[in-house]
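Report on the structure given below.
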Protein chains: 2
Amino acid sequence: MTTMKDVANRAGVSTATVSRVLNGHAAPTEQTRTRVLAAIDELGYRPNALARSLRMHSTKTLGLIVSDLLNPFFAEIARAVEDEARAHGYCVVFGNADESAEQQATYVRTLLDRRVDGLLVCPATDDGGWVAEVTESGVPLVLLDRTVDGSTAPVVRVDGTEALRELAASLVATGHERIGVIAGPANTSTGRERLDAFSAALAELGRRPRPEHVLHGDFRRASGAAAAAALMSLPERPSVLVAMDNLMGLGALEELRGRGLVVPRDVGLAVYDDQPWFPLLDPPITVIAQPTVAMGGAAARSLLALIAGEQPADVRLTARLVSRGSCGEAGLVSERASSPFNTAVRTRPTSVSEEDS
Amino acid sequence: MTTMKDVANRAGVSTATVSRVLNGHAAPTEQTRTRVLAAIDELGYRPNALARSLRMHSTKTLGLIVSDLLNPFFAEIARAVEDEARAHGYCVVFGNADESAEQQATYVRTLLDRRVDGLLVCPATDDGGWVAEVTESGVPLVLLDRTVDGSTAPVVRVDGTEALRELAASLVATGHERIGVIAGPANTSTGRERLDAFSAALAELGRRPRPEHVLHGDFRRASGAAAAAALMSLPERPSVLVAMDNLMGLGALEELRGRGLVVPRDVGLAVYDDQPWFPLLDPPITVIAQPTVAMGGAAARSLLALIAGEQPADVRLTARLVSRGSCGEAGLVSERASSPFNTAVRTRPTSVSEEDS
DNA sequence: TTGTAGGCGTTATCAT
DNA sequence: ATGATAACGCCTACAA
């Protein structure tokens, strides 16, 4: 590799001057400037970011740990974070915790060791053992989507209470008596909050679900299928299923399909987290949509603010019910409004060209 | 931050000794070893990976640049790469080119500057201007999914020729006369190869598609919709559409649905790239499935081999037709076999627990 | 305006 | 077995 010294020699100056030219610092004559630039060009010199970071105590890098990269919900968030970060001259390195607390802790340490300037974490579980390490290291931390025990870090999250209340009301109005819930893990804040909010909403309507109709999955596909299987094997099976995550919703759908059960005739289904393909199913799936892009953007901005020494407030976005009929409900709420909600802004135009050969 | 010097002071030894203990090097007495370890523990010392990398000329980090993180195809690949890398003690930093050549070039430079030990790239376009930079830097490079002009780097790709031939035969056998193709960009190897292979297969059967029935999209959702719209507006519209990518397939589906066209009654549809939700549609979508997990794993292994000084051969995996009836074809090929094909191996068990409160 | 020198936190080569 | 000491490649007072 060619280093700054090589450039200095080639240009007949000292490394200090090269550095100054590189960083647009004061002083260098237009003449030496061009000489240095020429040398850099001829040698194809690229500064060593490691050395620079070591010296500068800054890597211009954000660390992002998602609970599961395969979950499109997190993939979208990751993309939004990256967009925002890049716009501010930061680069993002990802870690995939795969819904595992240990793997998450490992990644936290790895990223801390690499001296990221800030850490964005979608916590896998409530366990906040790793938070202490981050605090000690002094690296700014922002929590995304889920909270964690014993942390005072800023949080960017989604409030689904109102949407779940609307869903509960809609289900009751539709005449559902037995409501099955495929909840998230009890050791995640989102897992608990969604279930609690939904249960509370039902209770207000005098319909608390039976205990055996509430199962906890792990936010992944297979657990959704297993829960659906269990629920539909009950003597008094639910008339509608509410899956608290898109992956568990997918699993539940697969299971229902496998059992030859027709939605919503045999059993209704609603899912938390919208996905582009939900409207394509027959019937289209009723969902609670979350503003993923806004979440990622807000989280990145909060972290950047923290790095800049500010004290960003928690951000609380709100989810929205998109009623599409998969619970047998009557009126479809305007579907038109749902598309822009979760659509990332694309700057480059989409091209379609005819084959000309 | 606490540094090695702090630990050395605390333990009453030199930094050299601390370093030796840390790296399990020869020499330290069991006594000093425990003293050092204790100091490390008490101080909560964590080595600075930047400094270490600067000194060691190795970051134990792989760079992965995907063309579009939002495409589940690449998300799965990314996950597989990361799994394999971690198993070998490497960490992966991602870059999202977003199907843009410039952004990709930017990321290549960024990762090179950070001195990754190896680079894995899913090229956005044929343009290989960036390859020279990588070559000069001496950083090992492996190409994934797509090839690039003027590169001699090892490539891990998928051969869809046979699957496309089977698809062509199936469509012809089903009686399709007018076959519409939503091809990928002409400036990507996969875009061209899939179209070429499919066209050739049709030609063998005496059915070359009309030029106006072949449109090029950009591997993203909106372009699939636009292409489908254009094709279905033609006076002699196709009786079946073949989308050469899952995102364009999604867009096409949305467009067809929006126009009130029923698959396969009004128009058939086949898609390149399987996704978990394709079997859930009515009818289930006929696809050409790619072994994404195997691709990611193979690519990571090739890169690791390259880093180790070996000379890995190109890897060519094969895609498979999964016929589900969305083209109006009669016999459904065994669906059973399709699931395991693209399923990532999960080591931790899936848990489903009953609500006990 | 430019050069010299010291240090960022490690590891490795010498001595001791 | 352990301790100085010199890099690794860069930035930045301080001097000139």
Side-chain angles (χ1 to χ4, degrees), chain A residues 1-37 39-40 43-61 109-110 112-117 136-139, chain B residues 1-37 39-40 43-61 109-110 112-117 136-139:
Chain A
M1 261 334 268
T2 123
T3 120
M4 232 173 69
K5 203 189 293 191
D6 301 326
V7 177
N9 289 149
R10 187 93 148 99
V13 300
S14 77
T15 60
T17 301
V18 177
S19 173
R20 282 192 269 260
V21 170
L22 242 37
N23 300 296
H25 265 218
T29 311
E30 191 52 36
Q31 191 182 25
T32 60
R33 218 182 83 87
T34 53
R35 262 224 315 281
V36 169
L37 254 20
I40 287 179
L43 266 40
Y45 167 73
R46 298 251 75 208
N48 183 327
L50 291 177
R52 183 202 290 263
S53 294
L54 181 61
R55 182 58 228 252
M56 303 286 273
H57 298 285
S58 152
T59 51
K60 282 295 185 181
T61 301
R109 261 190 292 270
T110 303
L112 249 30
D113 288 353
R114 293 181 190 219
R115 297 304 190 269
V116 290
D117 291 346
E136 284 171 26
S137 78
V139 172
Chain B
M1 264 331 269
T2 127
T3 120
M4 232 172 69
K5 204 188 295 188
D6 301 325
V7 176
N9 288 148
R10 188 92 147 97
V13 299
S14 77
T15 59
T17 301
V18 177
S19 174
R20 283 191 269 260
V21 171
L22 242 39
N23 300 296
H25 267 219
T29 311
E30 189 52 35
Q31 191 184 24
T32 60
R33 220 183 81 85
T34 53
R35 258 223 320 279
V36 169
L37 254 19
I40 288 179
L43 267 39
Y45 167 73
R46 299 250 77 210
N48 183 326
L50 291 177
R52 183 201 290 260
S53 294
L54 181 61
R55 185 57 231 252
M56 305 280 275
H57 298 285
S58 152
T59 50
K60 282 294 186 182
T61 300
R109 260 190 292 271
T110 303
L112 249 31
D113 288 352
R114 292 182 191 213
R115 298 303 192 266
V116 291
D117 290 346
E136 283 171 26
S137 78
V139 172

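None of the values given here were measured: they were computed from a predicted structure. Proteins get letters first, then strands, A, B, ... in listed order; numbering begins at 1 in each.
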Indicate yes or no for a side-chain donor-acceptor contact from [X] to the backbone of [Y] under 3.5 Å, with no hydrogens or angles considered.
| X | Y | value |
| --- | --- | --- |
| B:S53 | B:A49 | yes |
| B:S14 | B:A16 | yes |
| B:N48 | B:L50 | yes |
| B:T29 | B:Q31 | no |
| A:T59 | A:R115 | yes |

Item to check | Spatial distance of atom CZ (A:R20) from atom CG (A:L22) [nearest 0.5 Å] | outcome: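 Between atom CZ of A:R20 and atom CG of A:L22 there are 12.0 Å.
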Checklist entry - Crowded around B:R33 CZ? As in, over 12 foreign heavy atoms under 6.0 Å? => result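 No, because the 6.0 Å sphere around CZ of B:R33 holds 12 heavy atoms or fewer from other groups.
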Checklist entry - In degrees rounded to 10°, what angle is found between the helical axes fit to the five outermost pairs at each end of the helix from C:dT1-D:dA16 to C:dT16-D:dA1? => result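 Here the local axes at opposite ends form an angle of 50°.
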Item to check | Opening and closing nucleotides of DNA chain D in contact with chain B, under 4.0 Å to non-hydrogen atoms | outcome: D:dA1 to D:dG9
Next on the checklist: Between A:N23 and A:R52, does the side-chain contact (heavy atoms from CB on, under 4.5 Å) criterion hold? Intermediate values first, please.
Outcome noted: CA-CA 11 Å; A:N23 300 296; A:R52 183 202 290 263; 3.1 Å; yes
Checklist entry - Base, sugar-phosphate, or nothing for A:T32, non-hydrogen atoms under 4.0 angstrom? => result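 Sugar-phosphate, backbone atoms only, no base.
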Checklist outcome for this item: Between A:V36 and A:A11, the two heavy atoms sitting closest are CA-CB, 4.0 Å
Checklist outcome for this item: All heavy atoms of A:Y45 vs all of A:T3, minimum pair found to be CE1-C, 3.5 Å
Checklist outcome for this item: Reading nucleotides 7-16 of chain C from 5' to 3' and marking B where a protein heavy atom lies under 4.0 Å of the base, S where only the sugar-phosphate is that close, and - otherwise, the string is BBBBBB----
